[in-house]
Amino acid sequence: MSETRLRFPPSPTGYLHIGGARTALYNWLYAKQTGGKLILRIEDTDTERSTDESIHGIIEGLEWLGIDFDEGPYFQTDFEADHRAAAQKMLESGAVYKCFCTKEELETKREAAMAAKKSNVGYDGTCRHLTAEQIAEKEAAGIPSVLRFKVPQCGGEISYDDLIMGRIAASYSEIEDFVLVRSNGKPLYLLCNVVDDIRDRITHVVRGQDHMTNTLKQVLIYEALGAPLPRFGHMPLTLDNKKAKISKRSHGEIVAVQFYKEHGFIPWALNNFLALLGWSAGDDKEFYSKEELIKAFSFDRINRSSAVFNFHKDDPKFFTDPKAISMNEHYLRTMPIEEIGEMVRKDFEAENLWQKEYAGDRKEWYLKTLDLIRERFHTLKDFASLGRAYFADDYTVDEKPLKKNILKNESLKEWFPELASRYEALSPEEWTIEKTEDIAKAYAEELGVKPGIIINGMRTVVTGQAAGPSLFDILVLIGQQKVIQRLQKIDSFYA
RNA sequence: GUCCCUAUCGUCUAGUCAGGUCCAGGACAUCGGCCUUUCACGCCGACAACACCGGUUCAAAUCCGGUUGGGGACGCCA
């Protein structure tokens, strides 16, 4: 069996969105599974809308996700000669014809047909039967023409076996004579895409369901070009919670892969989520390693109905699909802490929290601290924000615990400096979970207050947060000196 | 309007092809409880779905027909 070759051909008219990422992922998965190749091809023939920024964004997004390609990026515009040659070949063989109808004429006809609720609003074939003389005449008059495909009028059906949808068939009469080359000579998507897939020896074309009608037309092009058909697969689109197709235009950053990078997602967590959005192996397995997913994936288990990406704009609790967040949490808690340490490092550097000792002498402390606090976090970003007090002194104290645990008990103003001096009396060796706890509890008892008063107050002062790990674990990690300093400056909260 | 795809908890889904083991399983979310010095951790529990109508059959989530709902396509965009 020959090598499988798949491709991901984005048009660089915006960022990489999760729908595109899912398509890329499925192609990548299958290429890996079969020991084949994934080709990245930038379809930039729409020069009006293509931008370099978008090209970089797409490549960056794929790179972040870890979806690597074996060939490319190729640029479609580099192969214009191939596209034109194919068009010429089809013109000579009679598979396509010149059409002199103007855009305006067609627009008018189409609108009229729509308004009349006609079943066929496609091209009416006006130029299909022009004689050689008529064509020569129009050309001599300088009338520009497009190249249209001459769809067979044999009354039969055209069909192919879809990897995901099963057998797909449509009658020829439903397909209009579509345009392959613009009047300015530029070949269009339908043609370029096929020519490139043939040249790149693509064996599997897997793309969104929105391409299904294109596929019918492209099958005709393959036949006209005498090229063997690749396998086609059409995956259902990803919808928003109102069941509308997700798009860059109407949903903005929430559907951008970049957004997830910026919000502290672990790349594989997003892949794992995306893989399960419309696909399942048929069991209850939810978390897959890269290797497991490559092994388990199959096109025929992709759900044929479209899946909803369940995010709610302005939801205070979930900034995106809760399931995606929960998957991210899972990886955040279970990945080897060294890997988390690497990912967090980038954030820390950007947030001015990174110290080179964290990669050296204090590496153990750094990882131990991350390991302790990751239990309650949702994203990689939480380490530098919610966890800031563990790594720096310029942390902010959250308003809620401040009110509840500090301001309500003004006596803490006297108690904490006293507690600080008791802690100060401990030798560094005595700075342990047990000792710090004993002292705090003994002091509470001495004062006749519940230990919670002291403990929650300390947590607030020392970490700035209402929630967190066991307090005495925290104290040990943050260190004697810092804890003492923070307890001593209790005064400042009542100002 | 025409054509194509599709229909199981709020969401992602298992089960459908090979009808009975499914008064439908899992996950996330939600709610309740437990744990606890706090908590957005953890543990336990609850709520919650076969779109509708008809047919086939001893038996239908599963097969067939229709209805309705949802999505997509109908560019000299990709």
Side-chain angles (χ1 to χ4, degrees), chain A residues 9-13 43-46 48-50 76 99 101-103 106-107 110 113-122 144-148 162 164-166 168-171 174-176 178-184 186 188-190 192-193 208-214 216 234 236-237 239 241 243-245 273 276-286 303-311 317-318 321-327 329 333 374-378 382 386 401 404-405 437 440-441 444 450-456 458-460 463 465-472:
Chain A
S11 69
T13 54
E43 304 215 325
D44 54 353
T45 50
D46 185 348
E48 301 274 300
R49 298 192 300 150
S50 298
Q76 193 157 55
C99 167
C101 298
T102 67
K103 256 186 189 173
L106 295 173
E107 191 58 33
R110 184 178 304 116
M114 283 276 206
K117 302 195 171 181
K118 285 262 180 60
S119 64
N120 197 346
V121 294
S145 64
V146 300
L147 250 35
R148 279 186 189 274
D162 196 283
I164 297 160
M165 295 296 169
I168 302 296
S171 30
E174 281 157 19
I175 306 171
E176 67 169 322
F178 51 94
V179 177
L180 288 180
V181 180
R182 289 176 167 111
S183 52
N184 66 5
K186 297 270 188 198
L188 256 9
Y189 168 78
L190 248 14
C192 302
N193 190 249
Q209 211 182 36
D210 49 345
H211 283 283
M212 280 186 86
T213 46
N214 287 336
L216 260 4
H234 293 91
L237 272 11
L239 272 29
N241 58 336
K243 298 269 174 87
K245 172 173 147 178
F273 169 77
L276 258 30
L277 192 64
W279 173 86
S280 95
D283 52 27
D284 291 334
K285 192 172 169 66
E286 299 250 81
N303 227 305
R304 276 143 77 146
S305 56
S306 30
V308 171
F309 180 56
N310 191 29
F311 70 94
K317 198 164 174 189
F318 301 105
D321 190 319
K323 188 123 188 179
I325 295 179
S326 89
M327 284 206 154
E329 287 166 356
R333 308 223 162 93
R374 69 166 157 175
E375 280 303 317
R376 284 160 181 82
F377 288 167
H378 305 288
D382 291 340
L386 302 178
K404 190 179 159 201
N405 301 329
E437 182 167 359
K441 285 189 169 165
K450 281 188 280 187
I453 302 286
I454 299 295
I455 290 169
N456 293 332
M458 261 204 280
R459 187 198 315 286
T460 307
T463 69
Q465 296 294 316
S470 174
L471 178 70
F472 303 100

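Each chain gets a letter, A, B and so on, in the order the sequences are listed, and its residues count up from 1.
- For B:U13, the OP1/OP2 oxygens have no side-chain nitrogen or oxygen of A:K285 closer than 4.0 Å.
- Checking B:A46 for Watson-Crick or G-U wobble geometry (two distances, each under 3.5 Å) identifies B:U30 as its partner.
- The side chain of A:E176 sits closest to B:C74 out of B:C41, B:C39, B:C74.
- B:U30 sits 9 Å from B:C41 when the P atoms are compared, rounded to a whole Å.
- The base of B:U37 is paired with the side chain of A:S470 by a donor and an acceptor separated by under 3.5 Å.
- For A:R182, taking side-chain heavy atoms from C-beta onward, the closest of the listed nucleotides B:A78, B:C74, B:U37 is B:A78.
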Please list, for nucleotides 26-33 of chain B, all pairs of protein and nucleotide N/O atoms separated by less than 3.5 Å.
unit_1	atom_1	unit_2	atom_2	d
B:A27	O4'	A:E286	OE2	3.1
B:A27	O2'	A:E286	OE2	2.2
B:A27	O2'	A:K323	NZ	3.3
B:A27	N3	A:K323	NZ	2.6
B:C28	O2'	A:K323	N	3.3
B:U30	OP1	A:K317	NZ	2.7

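- Contact between the side-chain N/O atoms of A:R304 and the OP1/OP2 oxygens of B:A7 is not found at any separation under 4.0 Å.
- Interface remark: the A:N214 side chain does form a donor-acceptor pair with the B:A78 base, using a distance-only criterion of under 3.5 Å.
- Closest to the side chain of A:K243, out of B:G70, B:G72, B:U6, is B:G70.
- Residues A:K245 and A:D210 form a side-chain contact, since some pair of their non-hydrogen atoms from C-beta on lies under 4.5 Å apart.
- In this entry B:C74 has B:G1 as its Watson-Crick or G-U wobble partner, both defining distances falling under 3.5 Å.
- Proximity note for A:S305 (side chain, C-beta onward) versus B:C76, B:A7, B:G72: the nearest is B:A7.
- Judged by centroid separation below 5.5 Å and plane tilt below 30°, A:H211 does not stack onto the base of B:G72.
- If you check B:U11, B:A78, B:G71 against the side chain of A:L239, the one that comes closest is B:G71.
- Checked against B:C74, B:C76, B:A73, the side chain of A:S183 finds its nearest nucleotide in B:C76.
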